[in-house]
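In listed order, ligands and their atoms are each counted from 1.
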Amino acid sequence: MGRILDGKRMAEAILADVQGQVARLAEAGQQLQLAVILVGDHPASATYVRSKQRTAERVGLRSQLVKLPADVSQNTLLAEVDRLNADPAVDGILVQLPLPVHIDEHAVLQRISPEKDVDGFHPVNAGRNFVGLPSVWPCTPAGVMEMLRREGIDVAGRHAVVVGRSNIVGKPMAMLLLAANATVTIAHSRTPDLAAVTRLADILVVAVGRPGLITADHVRPGAVVVDVGQNRVDGRLTGDVDFESVAPVASWITPVPGGVGPLTVAMLMANTLTLGCARRQVRA
Ligand code: NDP
């Protein structure tokens, strides 16, 4: 039976570190702040934003929520981003996705100043990451790497398979694993025989958004299985991996909930701290 990668416990440890550093900076007169823009009233987005804000406050960050109606114009949204970019008290800016269809998501994400881009989605930060310059990584893949590191799971020289190629999870996940010297394969919706590819994995990271996509047939015995998926099925949160059948085969496995999700929020706080220190030219 695979051992559980306990994201909740690891997130608590990261948050305790961040809290200590944020407190030291506040004592030195540097009060860091995270600003979140929420457009519309999508219930899942509202829940994620609440959780991010609560966690920010818990670690001592100031937090600012900018709520805009679902029919907000792109120009008004961009003007809000500009305002936060120009505010010296704001260290991190996050625009909760998805945005309504009439808004050009790329235009909005590119408007965030790269030095306040806590999600690491700006092309400048994506480019810096690609060529190995210091930057912040998107929170979810950064959280997965932190999870593997904290559990002492070495990825160097091992075969990692990432299922999913989004800019938010799949692609940066693959880049991070590559940077950590894994041999990396990326699978996606056009991969003909998914199970044949995933069975090659020593480390399998699944970020698709389809409940139960990965079953025991997809997993090599002894593989480490990280389930990024967050799907609502009958009101319950469930991953992309069929936990019941895969857990007995894997060496390590993340649960959903309680796996990657809490680490994503923790890394958001860590990124806010990193960017705040860099912009203010202070050390925590
Ligand atoms: P996207 O919808 O942007 O990307 C999904 C990816 O999965 C695409 O690359 C797509 O391929 C691929 N895919 C779709 N169907 C299949 C299939 N049958 N076989 C193989 N690949 C397939 O999603 P995200 O990357 O944003 O999110 C993925 C999941 O992770 C979601 O469940 C989301 O809720 C969750 N998530 C969880 C977070 C957390 O904190 N735990 C944070 C962010 C996301 P193609 O490119 O060919 O279309």
Tell me the protein heavy atom at minimum distance from atom 46 (O) of ligand 1, and give that distance in Å.
Arg165 NE, 2.8 Å

If I apply the N/O under 3.5 Å rule, does Gln230 come out as touching ligand 1?
yes

Out of all atoms in ligand 1, which are within 4.0 Å of some heavy atom of Thr264? Include the element for each.
39 (C), 40 (O)

Top protein contact for atom 21 (N) of ligand 1, by heavy-atom distance
His188 C, 3.2 Å

Hey, is Val265 touching ligand 1 through its side chain, its backbone, both or neither, going by heavy atoms under 4.0 Å?
neither

Cationic N near anionic O, under 4.0 Å, Glu12 to Arg58
yes

If you measure from each non-hydrogen atom of Thr140 to ligand 1, which part falls under 4.0 Å: side chain, backbone, both or neither?
side chain

Give yes if a backbone or side-chain nitrogen or oxygen of Arg190 is under 3.5 Å from a nitrogen or oxygen of ligand 1, and no if not.
no

Has Ser51 got a side-chain atom pairing as donor or acceptor with Thr47's backbone, closer than 3.5 angstrom?
no

Sub-3.5 Å donor-acceptor pair from the side chain of Arg128 to the main-chain atoms of Pro134, do we have one?
yes

Select one of side chain, backbone, both or neither to describe which atoms of Val208 lie under 4.0 Å from any atom of ligand 1, heavy atoms only.
both

Region of Val163 engaging ligand 1 - heavy atom pairs below 4.0 Å
side chain

What is the closest protein heavy atom to atom 15 (N) of ligand 1, and at what distance does it sit?
Arg210 NE, 3.3 Å

Salt-bridge test for Asp202 and Arg220: reply yes if a basic N is under 4.0 Å from a carboxylate O, no otherwise.
yes

For Val169, atoms of ligand 1 separated by under 4.0 Å from a heavy atom
25 (O), 43 (C), 44 (C)

Using heavy-atom distances only, which candidate in Pro98, Ser189, Pro138 approaches atom 11 (O) of ligand 1 most closely?
Ser189

To atom 28 (C) of ligand 1, the nearest of Pro141, Pro257, Ala207 on a heavy-atom basis is Ala207

Strictly below 4.0 Å, N to O, side chains only: are Arg83 and Glu80 in salt-bridge contact?
yes

Arg149 and Glu146 ion-paired at < 4.0 Å:
yes

Under a heavy-atom criterion of less than 4.0 Å, does Gly170 contact ligand 1?
no

Closest heavy-atom approach to atom 4 (O) of ligand 1 among Ser166, Pro262, Gly239, Gly229 is made by Ser166

Please verify whether a non-hydrogen atom of Asn231 lies at under 4.0 Å from ligand 1.
yes

Sub-4.0 Å atoms of ligand 1 with respect to non-hydrogen atoms of Gly209
29 (C), 31 (C), 32 (O)

Tell me, which protein residue and heavy-atom name are nearest atom 37 (C) of ligand 1, and how many Å apart are they?
Val228 O, 3.1 Å

Given Gly164, Ala187, Ala44, which has its nearest heavy atom closest to atom 6 (C) of ligand 1?
Gly164

What atoms in ligand 1 come closer than 4.0 Å to a heavy atom of Gly261?
40 (O), 41 (N)

